[in-house]
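Here the structure is laid out as structure tokens; the discussion comes afterwards.
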Amino acid sequence: MRLIGAGTRDDIDYVVTDRFWTVPNCVTLLRFCLVPVFVWLVVTEQYLTAFILLAVLSSTDWVDGYIARRFNQISTVGQWLDPLADRLSLVVVAVTLVATGIAPWWLVAALVIPDVVLAAAALMMFRGSPELEVTALGKIRTALLLVGAPLLLLAQVPGLAEAPLTVVATILLALGCLGHLWAAGDYLVGSLRKRRQLIRRGLDPRDRPSWARS
């Protein structure tokens, strides 16, 4: 079974719809709803329950994409809502773990600073998102972070090999952060490339409607 692009079928012609209420979008909205519950569980030191919830939350990132591709429910809303849910979930989880002293400070720095730089660059070059496709590197980075974070939580539960779990979780998070920096650099290069291509076609990258429909 494919992990990246799971659910993709060769026997159908995919159609991107404008519908909001699709099953994948509902799964993504569930992810938004679970985030504040996770924060409350960590703050109240219910680490085992928080671990289970975060594992469920992390799995929804794979589930919504699988359903969308398997059952031809790809939508324009899902194309921006799913990445937004990924990014928001990662940042909130990271901030919560760092603020409660569970994760090291560099976790937040490695996630937030590149995103701020990319957001500023996108606003200057495109007045919004450059609308680039999510790469395999981005998916791998997200997977590493969403596996490392639950393991770090599990290491807080007494009697569950705290030290070994902490080491493994920290390594996964470090790899995820390196992947995030790499993906951010790749995204910035892709944005610059798309800007040059639009200019060569006589389009203004900051005039979004003229090229977003092309």
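Since we're looking at a predicted model, the values are computed, not measured.
Between the side chain of Q156 and the backbone N or O of I102 there is no donor-acceptor pair closer than 3.5 Å. Here the side chain of R195 pairs no donor or acceptor atom with the backbone of L192 at under 3.5 angstrom.
Each of V56, V63, D86, L81 was evaluated against R31; a single residue qualifies, D86, per the side chain to side chain contact (heavy atoms under 4.5 Å, CB included) test. Tested against T170, the residues V168, V167, T166 include a single side chain to side chain contact (heavy atoms under 4.5 Å, CB included) partner, T166.
The hydrophobic clustering, which links ILVMFWY residues whose side-chain heavy atoms are closer than 4.5 Å, places L97 and W105 together. Put simply, V116 and L84 are part of the same group of oily side chains (I, L, V, M, F, W, Y) that touch within less than 4.5 Å, one to the next. Note on L178: it does not cluster hydrophobically with L151, by side-chain heavy-atom contacts below 4.5 Å among ILVMFWY residues. V91 and V117 fall into different hydrophobic clusters, where Ile, Leu, Val, Met, Phe, Trp and Tyr residues are linked whenever their side-chain heavy atoms come under 4.5 Å apart, directly or through other members. Note on L29 and L34: same hydrophobic cluster, where clusters join Ile, Leu, Val, Met, Phe, Trp and Tyr whose side-chain heavy atoms are under 4.5 Å apart, directly or indirectly.
The shortest side-chain heavy-atom distance between Y66 and V27 does not fall under the 4.5 Å cut-off. Side chains of L154 and L48 form a contact here, defined as non-hydrogen atoms less than 4.5 Å apart. In this structure, the side chains of F51 and V157 stay at 4.5 Å or more apart for every pair of heavy atoms. Side-chain contact check for T60 versus F32: every heavy-atom pair is 4.5 Å or farther apart. Looking only at side-chain heavy atoms (C-beta outward), Q73 and N25 stay at 4.5 Å or farther from each other. Contact annotation: the side chain of L54 approaches that of S58 to within less than 4.5 Å [non-hydrogen atoms, C-beta and beyond].
The CG atom of L173 sits 9.5 Å away from atom CG of L146, with the distance rounded to the nearest 0.5 Å. Distance CG/L123 to CG/L118: 11.0 Å, rounded to 0.5 Å. Atom-to-atom distance recorded for I74:CD1 and D82:CG is 11.5 Å, nearest 0.5 angstrom. Atom-to-atom distance recorded for R87:CZ and L111:CG is 8.5 Å, nearest 0.5 angstrom. The CZ atom of F38 sits 4.5 Å away from atom CG of L153, with the distance rounded to the nearest 0.5 Å. To the nearest 0.5 Å, atom CG of residue L107 and atom NE2 of residue H180 are 10.0 Å apart.
When all heavy atoms of V42 and Y47 are compared, the closest pair comes out as O-CE2, 3.9 Å. Of all heavy-atom pairs between W21 and C26, the closest is CE3-SG, 3.8 Å. In terms of heavy atoms, L165 sits closest to A155 at CB-CB, 3.7 Å. Of all heavy-atom pairs between M125 and P205, the closest is O-CB, 3.3 Å. Scanning both residues, P24 and I67, for their nearest heavy atoms gives CG-CG2, 3.8 Å. Closest non-hydrogen pair, L181 versus P114, comes out as CD2-CG, 3.4 Å.
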